[in-house]
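Residue numbers start from 1 in every chain, and the chains themselves are labelled A, B, ... in the order their sequence lines are given, proteins ahead of strands. Since we're looking at a predicted model, the values are computed, not measured.
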Number of protein chains: 2
Amino acid sequence: MNKSKEKILASAKELFHEYGFQQTSVDEILKKSGVTKSNFYYHFKSKEELGLIILERFIKQYEADVLMKTLGNKSLSPSGRLVEFYNSVKTFHRDLQNPKGCPFGNMAIEMSGSNENFREKLSAFFNSWEKVIEECINEGMSTGDFRSDLHPGVVAQLILSHLEGAIMMVKTHRSIEPLSSGSETIMRLLKAA
Amino acid sequence: MNKSKEKILASAKELFHEYGFQQTSVDEILKKSGVTKSNFYYHFKSKEELGLIILERFIKQYEADVLMKTLGNKSLSPSGRLVEFYNSVKTFHRDLQNPKGCPFGNMAIEMSGSNENFREKLSAFFNSWEKVIEECINEGMSTGDFRSDLHPGVVAQLILSHLEGAIMMVKTHRSIEPLSSGSETIMRLLKAA
DNA sequence: TTATTAGAACTAACCAGTCAGTACTAAACA
DNA sequence: TGTTTAGTACTGACTGGTTAGTTCTAATAA
């Protein structure tokens, strides 16, 4: 059931990632999904509502499919988890013919200045993402995986900031290099002496 | 002379930074600058041409007013230059009531996927920015300011990626903290043992 | 004279969003 | 059994407004 609604969600998710929220018109979503405009407004009260629903879904999916399976994988060592996390991010961005950037980072830059609903959701998600990294770093400092002369929270913040910036560079230079070489350097800088 | 042209350039520069290129209409630029539409198209053949000219000007201004005066200030030690650079970036973003993000990073995310002219200019600028950082790091490794067990180019790339990501976080969280604490951590990680 | 500016009317495409009405299904009723 | 009712999903035509860009005439400044 709700075949049209799911088609809209799937098409819009792709278009928002590739072109951004504001640069994607409702008509383009309609064209891609093959749904009529009136049906669209039967399922969603506005384009903004659709965008927020897609963002929420994407966050939940990312937490379950990426964060929990890499940074939260307790069967690996803390440094092994971080490496796995970087690998999955690299795979996500390398598989694209022309890199579309981080869905969350793109939206944060595009929407934070003009829409508080998007900004608040993204700010909260970045915080929780940071927390997941922090836990991994904290454990790695105990086990001796990582140097322990820094605050885990500060290191986690640095890792996430760097990741978002590196993905921006991947998109701008059309090359995976800034992410792969940057993540390797982060791993080296974090190694215990 | 060219009073109208300069007014257009100044108004559009601010609007592009605050709302982005695509989200700023020509009519809004006209309203802010007090120039008529026919006059606008007398000076610029299109909105895209205006955007590219503003980007070029902004790059040159940034290289002269920020990069050369901080990272290129040979009267300071290499680590002193890097600290000065971070200070000037922090000041730029802290002075804003609500942070608008990095003009170059914003534009890179907004335009890289849809306009090759913007993407190429931004990619080239990020490369040259990286080179300026690399020179400072390289010299700092010789003087003993920085640890020298890493390639200066790779470190420079990491610094720039992190900076852009941190500014994204400043914009999203509406707080300067990710940038100030991140830059401090970078300085610590780079210190010679 | 030549460069610049003003003004206003215009186009064609696009924008988000609305509307009255249709089609189908399934349960409730009599 | 046949009839009513209700909810869900859907449609095509439409509205009012905005977009970048054009075309004209006429005034003003260097």
Undergrad: Does a salt bridge link A:K74 with A:E135, judged by any charged N lying under 4.0 Å from a carboxylate O?
TA: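 Yes, charged N to carboxylate O under 4.0 Å.
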Undergrad: Anything under 3.5 Å between a protein N or O and an N or O of nucleotides 20-23 of chain D, put it in a table, one pair a line.
TA:
{"unit_1": "D:dA20", "atom_1": "OP1", "unit_2": "B:V26", "atom_2": "N", "d": "3.3"}
{"unit_1": "D:dA20", "atom_1": "OP1", "unit_2": "B:K47", "atom_2": "NZ", "d": "3.4"}
{"unit_1": "D:dA20", "atom_1": "OP2", "unit_2": "B:V26", "atom_2": "N", "d": "3.0"}
{"unit_1": "D:dA20", "atom_1": "N7", "unit_2": "B:K37", "atom_2": "NZ", "d": "3.3"}
{"unit_1": "D:dG21", "atom_1": "OP2", "unit_2": "B:Y41", "atom_2": "OH", "d": "3.1"}
{"unit_1": "D:dG21", "atom_1": "OP2", "unit_2": "B:K47", "atom_2": "N", "d": "2.9"}
{"unit_1": "D:dG21", "atom_1": "N7", "unit_2": "B:K37", "atom_2": "NZ", "d": "3.0"}
{"unit_1": "D:dG21", "atom_1": "O6", "unit_2": "B:K37", "atom_2": "NZ", "d": "3.1"}

Undergrad: Does A:N39 place a side-chain N or O at less than 4.0 Å from the phosphate oxygens OP1/OP2 of D:dA9?
TA: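 The answer is no; no side-chain N or O of A:N39 sits under 4.0 Å from OP1 or OP2.
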Undergrad: Among B:F21, B:F104, B:F125, which one satisfies ring-ring contact (aromatic ring centres under 6.0 Å, His included) with B:F118?
TA: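 When ring-ring contact (aromatic ring centres under 6.0 Å, His included) is applied between B:F118 and each of B:F21, B:F104, B:F125, only B:F21 qualifies.
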Undergrad: What is the distance, to the nearest angstrom, from the CD1 atom on A:I29 to the P atom on C:dC15?
TA: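 Whole-Å distance recorded here is 10 Å.
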Undergrad: Not counting sequence neighbours, which residues clear salt bridge (charged side-chain N to carboxylate O under 4.0 Å, His left out) with A:K47? List them please.
TA: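 Expected list: none.
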Undergrad: Tell me the interatomic distance from A:Q23, atom CD, to D:dT19, atom C1', rounded to whole angstroms.
TA: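 Spelled out: CD on A:Q23 to C1' on D:dT19 is 14 Å.
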Undergrad: OP1 or OP2 of C:dT5 less than 4.0 angstrom from a side-chain nitrogen or oxygen of B:S4, does that happen here?
TA: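 Yes, because at least one side-chain N or O of B:S4 sits under 4.0 Å from OP1 or OP2 of C:dT5.
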Undergrad: Could you give the side-chain donor-acceptor pairs of residues 58-70 of chain B under 3.5 Å, partners two or more places apart or in another chain?
TA:
{"unit_1": "B:Q61", "atom_1": "OE1", "unit_2": "B:K13", "atom_2": "NZ", "d": "2.6"}
{"unit_1": "B:E63", "atom_1": "OE2", "unit_2": "B:S128", "atom_2": "OG", "d": "3.2"}
{"unit_1": "B:T70", "atom_1": "OG1", "unit_2": "B:V66", "atom_2": "O", "d": "2.8"}

Undergrad: Rounded to whole angstroms, how far apart are CZ on A:F44 and P on C:dG17?
TA: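 Going from A:F44 (CZ) to C:dG17 (P), I get 13 Å.
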Undergrad: Any donor and acceptor pair, going by atom type alone, linking the side chain of B:H17 with main-chain N or O of B:G101 inside 3.5 Å?
TA: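 Pair found, side chain donor or acceptor close to backbone of B:G101.
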Undergrad: Below 4.0 angstrom from OP1 or OP2 of D:dT8, is there any side-chain N or O of A:H43?
TA: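 The answer is no; no side-chain N or O of A:H43 sits under 4.0 Å from OP1 or OP2.
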Undergrad: Between the two end axes of the helix from C:dT1-D:dA30 to C:dA30-D:dT1, each built from 5 base pairs, what angle do you get to the nearest 10°?
TA: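 So the angle between the two local helix axes works out to 10°.
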Undergrad: Would you confirm whether B:D145, through its side chain, and B:S79, through its main-chain N or O, come within 3.5 Å as a donor-acceptor pair?
TA: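 At least one qualifying donor-acceptor pair exists.
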Undergrad: In whole angstrom, give the distance that lies between atom CG of B:L30 and atom C1' of C:dA8.
TA: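 Between C1' of C:dA8 and CG of B:L30: 13 Å.
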Undergrad: Taking side chain to side chain donor-acceptor pair (under 3.5 Å) as the cut-off, I'd like each qualifying pair that reaches into residues 178-193 of chain B, sequence neighbours left out, listed once.
TA: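 Listed by first then second residue: A:Q157-B:S181.
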Undergrad: Could you check how far OH of A:Y42 sits from P of D:dG12, rounded to whole Å?
TA: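 A:Y42 atom OH is separated from D:dG12 atom P by 17 Å.
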Undergrad: Quick one: does A:T24's side chain have a donor or acceptor within less than 3.5 Å of a partner on A:L15's backbone?
TA: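 At least one qualifying donor-acceptor pair exists.
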Undergrad: What residue pairs, at least two apart or across chains, pass salt bridge (Lys or Arg N to Asp or Glu O under 4.0 Å) with a residue in residues 164-180 of chain B?
TA: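 Passing the test, one end in residues 164-180 of chain B: A:E116-B:R174.
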